[in-house]
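These notes are about the structure you will find just below.
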Amino acid sequence: MKHFHFLSKDWLLPSISALIVATSGIAALQSANARGSAADLFSGTYQRAYEDRFEQALPFRRTAQDAWAAARMVLFGEVSLGALMSDSGWLFTLEEFVTPLNAPDFVRELQETKIALAEHGIRLIPVIVPDKARIMHAEHSFPRTEALDARYDNALQAIAQLGLPSIDTRAALERLGHEAYFRTDTHWTPEGAAAVANQLTEALPDVAIASTFETQISAHQALEGDLMAFAQTGAFAQWVGPKTEVQTLFETHNSAESLDLFADVDIPIVLVGTSFSARTDLHFDGFLKSALGFDVINLATEGEGPFAPMRRLLSDAAFEKSSPQFVIWEIPERYIDPRSFQ
Amino acid sequence: MLFSSPIFLFGFLPTFLALYHLTPTRWRSLVILLGSCVFYGWWKLSYLFVVLGMALFSYLTARCALRQIGPARRRWITLGVVTNLLLLGHFKYTFFVTSNLSLGAAAFGIGSLPTWQILLPIGISFLTFQCISYILDVTREDVPEAANAIDFLAFMTLFPQLIAGPILRYKDIADQFKSRASTLANFNKGLQRFIVGLAMKLVVADSVAPLVDRSFALSNPTLPEAWLGAVAYSIQLFFDFAGYSAMAVGLGLMMGFKFVENFRKPYHARSITEFWQRWHISLSNWLRDYVYVPLGGNRSGNLKTYRNLILTMLVGGIWHGANWTFVVWGLWHGGLMAIERAFGIKGKRQVLPTAIAWPVTMVLVLIGWVIFRAASISEAIAIYAGMLGLNGLEIRPEFLVQIQTTELLFLALGLAVVVPKPDFALPQFAPVVYHAFLLAVSITLMQARSDSPFLYFQF
C-alpha cells in the first residue's frame, strides 16, 4: 500500500475535481451565448435562458445521457419513464398500460359525432386500432388491468349498440404476427395498416370498389421509431439498445386513363384520426384508396389524439358544405377511458 | 441556482472558489457578499434587494437597539422582529390567509373576498429566522454586533446556507469571520462532504422522487401503494434535505467555515423527542431558544410545558409552509412530544420498551411525513385510508407497471444507509477513489436528468 500513499494526499481529490469541472465548464462557457437584455436579467428570464444554453453546451452531456441509458438498459432492462422494454427487446408505450388521463366519455363522443354527421347524411365508420400491447402480447409480460383487457370488446359493443359498424381488427392484425406493429414504434406497420384497410371492404359491402387506385412499394428506409426516444443509447447503440428497423414505403397512384383534371371530383370518404392515419410512411389513407376504390381526404393529425380533430371537423363551416358519404374515424384504443363503459 | 445544477457546479462554484482563494484575507467577506449576490440574483435579481434589504434592516435595527436601554431598546427589538415576521407573512402567508378568509366568507354567505398570490422569495423562511436570531442575540449581548455591514451581509447572504440552511446564528459563526483556517486539508474535507451531499441528492433522492410523485397522485391508494409512497418519501426527503445540508457544510468548509451539523442519523431515533434532536437540528435549536424558552419552556409546571411544546412545534409547522397540512404536521409532532414528556422522556432517549421504541417512532414519523408531503388534508386522508387497507390490499397493475427497477434499487440503498444496523467494517477504499467515483456518478446523473429541484427550496 505504500506505493499508493499519494492517494491520501489532500491535493489529489481537489485536482481531479478541478480537472473534471474545468474542462466541462470552460467549454460550456465558451459555447453558451451570453447575450441578453437588462430587463430579462432583472426578471430572471435571462438567467433561465443562459442556464439552458450552458447546460446544452456541456461537452459530455450527451455522453452522460447515453451512458446512463445504456447502463439502465443492460443492468435492469429499463428505459426512460413513458415506455417499457420487454425481455425480447420490444418497446411499448406506457399509455397502453394505464387508464388515460382526462379522456372524454367515449360513448358520448361517439354518439354525438354520429348524430352530427347523420344530420348531413354522412355515415360514421369507427375503426378502433388495438393496443400494440394487446396484439403483441406474446412479446411482453407487463401486467394490465382487467378493465384495460376488456376495453376493446367493450368499445366494439358500444359501437354496435349505437347502430354503427363494429369492425374488429384484431384478427387481421394477429394474422400478421410480428409484421403488424413496429418493434420500436407505437404504430402499426404499413402492412398492418393495409390489413385493416382491406378489412373495411368487408365491413362496407355497399361501397363500390371499382378501384383505379394502385399501391406499390416505393422504397425502403431505416425507421427512427417514436419509442426510441425513451431508449436512446447514442454512442453505445452498437452494443446496447434496440436495433434500428427497416420499413417499407408505399405509394398509391390513380391509374384511371380518362382522368380529366378539370372534372368534378367526388370524394365520398374523409379520414379523421391520429398519427396512425396522418403519418405518410404508414400509408393508411393510400391503402384505403386501394381497398375502397375512392379517393380519401385525410384530415388526421398527429399529437392531438382522436377526439380533437373530429370536433374540429364538425365545427368547420367548410365541412358542412362538402358532401362526403363516409367519415372513417380512426381511434387508437389507448385513448378510450375504460370507465366510459361503467 | 441549485447546487446540483451544471451552472453551479461547472460555472459559479469553480469561479467563486478561485477568486475567493486568490483574494487577500481582508477582502474575502466582500467576495463572499458579491458571490452570494450573484448566486441569489441568479434566480431573480429583483428579489435580491428583498434579501439585502431585510438583512440590512436587521443589522441597523440591532445597532440602534444596542445603543438604547430599557423600553427604547425593547421597541427597537420589537420593530426588528415584527418587521421581519411581517415580511415573511406578506410573502408566504398572504394567499393562505386571504383564500381562507374568502372561503369562510363564502361559507357565511358574505360573498368571496379578494385573494393575492405573491411570489415567494426563495429561502425567505431561513433568512427571517437568521435575521431574528441576530437581533435577539446581539441585543441580549450573547454576541458583539457585527464589526461592519459587509461582514454582516456576507454572513446573511452566505450562499452555501442562504437558500435552505442550516439556519446559522451569528453568535456561532462571528469569530470565523475574523479568522478561519482556509487550509488544503479543510478544503479537501469540504470537497468530500460536498460530493457525498451531491450524491445523496442526485443518486438517491432524485431516483425515488418519481415513485413518490406517482404514489401521492393516486386518489385511492391501496395498502402497499400508500406505504410504499410514504416510505419512499421519507427516504427522498432525508436524502434531499440532508444531502443539501451536507453540501452546504462542505461548501462552508471549502471556504474555511465550520457550520453546525443539521442531521445526525434521524432515522435512528427511538422517540419523537429524540427525532427532533437529530432532524433539522438548526431549526429545532432555533425553535427551542427563540420560541420554547421564551414561552416558559418547562419552568411553569407540566401543563404549561406540554402547551409550550405543542405551540413550539406548531410554529415549526407553520414555518414550513402556508397550508393546513403543515399546521396539522406541527401539532402532530408537538402533541407526541407532549405525550412523551408526560411519560417521562426528559433526559432519556425513549419511553417505550427498546424492542418497539424504534419501529413505533418510525411509523409515527412516517405518518407525519404523509401529511407533510400531501398537497391538502383530503389528499393526506386518502393516503391514510390506503395505509389502513381501506382501499384494498394488492398493488394494482397500473401502479406496478410504472415502477422502475432503479427506483426500487435506490430506495433500498437509501433504506440500507439510514436504518440502524450493527457496526461492521466497510472495505477501506482510498477516500479519493470513493469520492471521485461518487462525483463521476453524480455528474453523469445530473446531466442525464434535466429537472432536479430541492424539496426545501419551497420553504
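Chain naming here is simple, since letters A, B, ... match the order of the sequence lines and numbering starts at 1 in each. Predicted model only: the values in this text are computed from it and were never measured.
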So do the side chains of [X] and [Y] get within less than 4.5 Å of each other, counting heavy atoms only?
X        : Y        : value
A:Leu13  : B:Leu439 : no
A:Leu148 : B:Pro397 : no
A:Phe92  : B:Val401 : no
B:Gln404 : A:Phe76  : no

For [X] against [Y], the heavy-atom pair lying closest together:
X        : Y        : value
A:Gln65  : B:Ala448 : CG-CA, 3.6 Å
A:Leu81  : B:Pro210 : CD1-CB, 3.8 Å
B:Glu398 : A:Thr145 : CG-CG2, 3.6 Å
B:Arg449 : A:Trp68  : NH2-CZ2, 4.3 Å
A:Ala64  : B:Thr444 : O-CG2, 3.7 Å

Could you measure the distance from the [atom1] atom of [X] to the [atom2] atom of [Y]? Nearest 0.5 Å is fine.
X       : Y        : atom1 : atom2 : result
A:Glu51 : B:Trp43  : CD    : CH2   : 13.5 Å
A:Ser17 : B:Ile195 : OG    : CD1   : 4.5 Å
A:Gln47 : B:Met1   : CD    : CE    : 8.5 Å
A:Arg62 : B:Gln447 : CZ    : CD    : 11.0 Å

Check each atom of [X] against the heavy atoms of chain A and say whether the ones under 4.5 Å are side chain, backbone, both or neither.
X       : result
B:Phe49 : side chain
B:Ser5  : side chain
B:Leu48 : neither
B:Leu13 : neither

Practice prompt. Please work out which of the three classes, parallel, tilted or perpendicular, describes the rings of B:Trp42 and A:Tyr50, given edges at 30° and 60°.
Written response: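 It falls in the perpendicular class, over 60°.
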Which atoms of [X] come close to chain B, meaning under 4.5 Å heavy atom to heavy atom: side chain ones, backbone ones, both, or neither?
X       : result
A:Leu94 : side chain
A:Arg72 : side chain
A:Arg48 : side chain

Worksheet item: Pick from A:Thr99, A:Ile16, A:Leu29: which one has the most heavy-atom pairs with chain B under 4.5 Å?
Response: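 Of A:Thr99, A:Ile16, A:Leu29, A:Thr99 has the most heavy-atom pairs under 4.5 Å with chain B.
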Fill in: Matching residue for A:Asp10 among B:Leu184, B:Val432, B:Leu191 - test: side chain to side chain contact (heavy atoms under 4.5 Å, CB included)
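Of the listed options, the one satisfying the test is B:Leu184.
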Fill in: Option that, when pairs with chain A are counted at under 4.5 Å, heavy atom only, ranks first among B:Ala440, B:Pro14, B:Ala185
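With the most close heavy-atom pairs to chain A, the winner is B:Ala185.
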